[in-house]
Amino acid sequence: MSLVSEGGPAVGRPLTLGPVRLRNRFVAAPMERNYCEPDGAVTGRYTAYLARRARGGAALVFAEAAYVRADGKGRLRQLGVDTDACVPGLARLAGAVHDGGALLGVELNHGGRTAQSAVSGFQPVAPSPVPCLPAGGELPREAPAAEVYELAAAYGQAARRCREAGVDVISIHGAHGYLVHQFLSPAFNLRADEFAHPLRFLGLVVEAVREQAGPGVAVGLRLSAHEGFEGGLTAGRTFELISRTRLDLLDFLDVSAGSYEAGQWSIQPAEWEPGLLAPYAGRYRALGLPVGVAGRINTPESAEAVVAGGLADFVSLARALHADPDFPRHALAGRGYRPCIACNLCIDRLGTGEPIPCAVNVRAGREYLGPVTAPARRDVAPALPAPPDAPPDTPADHGAPLRRGTPPTTASGQGAVLVIGAGPAGLEAARLLAGPGYRVQVVEREERVGGRLALAGRLRAYPEHRRLLQWYVAELDRLGVSVRTGVEAARGRLAPTAYLPEADAIVVATGGVGRMPDVPGVRSPHVHDVRDWLTLGLEAPRSCVVWGADREGVAVADHLAAGGAEVLIIGSQPSLAPEVGRRAKILLVPRLTENPRVRILLESTISAIEPERLLVRSGDHAEWLPLPGPLPGPLLVSHGVVPPSRPLSTLLAAFEELRPRLGVHVIGDAGDSGGSLHRCLVAAEEAAGAIARASARPR
């Protein structure tokens, strides 16, 4: 559905927030990124990242939650506004965002009980000594009343620094379980003095920020509509409190949800409905201020429904703009965009202190490095020829039919590239190379494209993977890339006389094969690699065994259990899916551990397989276990992926003999650069860069 219509979409209309005017209703929400220096200073990486979101069409671009005092720092590379030394960096940031046509916002924050001394160097301070277990569990000290006043003043001084730096909008972070929220919450404010009143501290903060921000800066409050756990603030109680605060000193409200104890409400998983917090936000419009809302607003349609439906005045987007900085511009023009798949790789990487990546956008956080391939003059060139026996183009899985399209344009002398394999690595390589003008031909042995991306999209936990595949299909069609399916490269279907003489570079993205342990019975008919079994598209079994508690195995077990299957999970891992972060499995793991039809044996392995029983070893103990269910189902093996050594080596040897002038490049699971969607896409970018550099060398 396009937003382009007579009169224009509601999300495209300007909006006034106090003294400032937004060009549209898209706001880049405050999202932590680990792009700053350890002392909280702005970096060139950070400036380039936010400037790119400004150029992408967002009206207001927020920096992340910035700590107002050193003991409130919660991340190793979090933005700081705690000293005057931060002003020059913020000023450069403001200039870059303004140059992109957007306003700059800063969210003022103090971690309170969520901050940890290992990061800040100080014992955390909080309303009451209640530790935050999800953040590390360090016992905070209770701030004396005099210090609470000092904390409120620190918010005001941070607002002054923002004003001096040219910041346009300031948001007070009163959500997600941080200090202001802690004073509001009955679960964490156990005081008996004047600050036992939940609004006392918030009132002081609002007054201090309003005074120091001055008349030219918009000031708002971000709030959690509810905390999301028993004993925390409910939606009704939160609304009651906010309606009694100093709304006369605020220019807007921005509604989110959740707390550290219910993180799924703050950063929602892919399974949850887009725009699920909008009904909560709608209630706050009665208070008379412009209202924004966050929460899985990841499509133009969901954004328009929120604003046009009167539930909020603007939408706050975080992960959606991390995945595609041009989302607002594309949405308003009715064009396609790279979708966020809500995998939460970005959020789970925060704790490492390393710059956060994006699973689907490898340029996120790397904008300062410039483009992968340089633009070049374009001339029309013929498309790669099809072999005489090539099968017809077939529809792509979950996407529009792939077609040859019009002859693509190509930079003069840049040449042609053959991409073998239409999984995520191959699709990304083809997209990156076709953009600057290479003639690209993709061939895929399966009848449909997508590889592991398409398989993941069939599972309960990964519904957004389908949208990413649809985007790739549309992008390759738009770029004029020819994609042919049902072509088996290893069986002579790619004879040199058919494709290879035309290719100046060959990208091998044929994927890997499941690693099968060498144990007795592993070749039995009921034993399958988990990916092979998904490819077969068989009816869900009534019972099954999943051998391997890695990401893939756990996701398949969860999917089958949701369909009513009796599932036995056996894994050598110490926990379920230990290679992924907490947020990526925040719903999945509790579902499995609390399901009475699911049995989990960790730090265990299978030593032998028979038709109706397994020899399971846990440490020094081994015992035969019957397969679950009255009608034992399949045994699905999830032990990772390895390159298909023999067919791949034969294929590479044939390609190397041809000596294409721009090289042969092995990427993704076909080589040593797979293992995750993000790693596959990074490998595709590296291959595209290597081909571009080779093109630039004199012949």
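Note that the structure is predicted; figures quoted are calculated from it, not measured. For the single chain, residues carry numbers from 1 onward in sequence order.
- Counting heavy atoms of neighbouring residues, nucleotides and ligands inside a 6.0 Å radius, atom CD of Glu230 does not exceed 12 of them.
- Salt bridge status for Glu147 with Arg141: present, with a side-chain N to carboxylate O gap under 4.0 Å.
- Tested against Arg75, the residues Glu64, Glu32, Glu354 include a single salt bridge (charged side-chain N to carboxylate O under 4.0 Å, His left out) partner, Glu32.
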Decide ring pair (Phe, Tyr, Trp, His ring centres under 6.0 Å) for His465 and Tyr462; before the verdict, give the C-alpha distance in whole Å, the side-chain angles of both, and the deciding distance to 0.1 Å.
CA-CA 6 Å; His465 285 57; Tyr462 303 131; 4.9 Å; yes
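- His176 and Ser256 are linked by a side-chain donor-acceptor pair at a separation below 3.5 angstrom, with hydrogens and angles left out of the test.
- A cation-pi arrangement is present between Arg53 and Tyr49, with the terminal nitrogen or guanidinium carbon under 6.0 Å from the aromatic centre and inside a 45° cone about the axis.
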Test salt bridge (charged side-chain N to carboxylate O under 4.0 Å, His left out) on Arg52 and Asp326; report intermediate values, then the result.
CA-CA 8 Å; Arg52 181 67 184 84; Asp326 292 317; 2.6 Å; yes
Anything under 3.5 Å between a donor and an acceptor, one on a side chain of residues 270-277, the other on a protein residue two or more places apart or in another chain? List them.
residue, atom, partner, partner atom, Å
Glu271, OE1, Arg591, NH1, 2.8
Glu271, OE1, Arg591, NH2, 3.4
Glu271, OE2, Arg591, NH2, 3.0

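- With no hydrogens or angles considered, no side-chain donor-acceptor pair links Arg582 and Asn344 at under 3.5 Å.
- Salt bridge Glu464/Arg296: present, at least one basic N to carboxylate O contact under 4.0 Å.
- A distance below 6.0 Å separates the ring centres of Tyr260 and Tyr178.
- Under the 6.0 Å cut-off for aromatic ring centres, His226 and Tyr280 qualify, their centroids lying closer than that.
- A 4.5 Å side-chain heavy-atom check between Arg77 and Pro38 finds at least one atom pair inside the cut-off.
- Residues Glu227 and Thr234 are not in side-chain contact: their nearest non-hydrogen atoms beyond the backbone lie 4.5 Å or more apart.
- Taking every heavy atom of both residues into account, Leu321 and Pro328 meet most closely at CD2-CD, 3.5 Å.
- Geometrically, Arg113 engages Phe188 in a cation-pi contact, judged by NZ or CZ lying under 6.0 Å from the ring centre and within 45° of the ring axis.
- The environment of CD in Gln123 is crowded: more than 12 heavy-atom neighbours from other residues, nucleotides or ligands sit within 6.0 Å.
- No side-chain donor-acceptor contact under 3.5 Å links Ser120 and Asp71.
- In this structure, Arg283 forms a cation-pi arrangement with Phe239, its terminal cationic atom sitting closer than 6.0 Å to the ring centre and no more than 45° off the ring axis.
- Here the shortest heavy-atom pairing between Leu249 and Arg210 reads O-CD, 3.1 Å.
- Formation of a donor-acceptor pair under 3.5 Å by the Arg21 side chain with backbone atoms of Leu15 is not found in this model.
- The main-chain N or O of Val81 is found under 3.5 Å from a side-chain atom of Arg161 such that the two form a donor-acceptor pair.
- For Tyr155 and His173, the side-chain atoms include no donor-acceptor pair closer than 3.5 Å.
- The pair Asp84-Arg160 meets the salt-bridge criterion, with a side-chain N (NZ, NE, NH1 or NH2) lying under 4.0 Å from an Asp/Glu carboxylate O.
- Between Val119 and Gln78 there is no side-chain heavy-atom pair separated by less than 4.5 Å.
- Proximity of Pro300 to Phe327: side-chain heavy atoms (C-beta onward) are separated by under 4.5 Å at one or more points.
- The aromatic rings of Tyr46 and Tyr35 sit perpendicular to each other, their planes meeting at more than 60°, with 30° as the lower class boundary.
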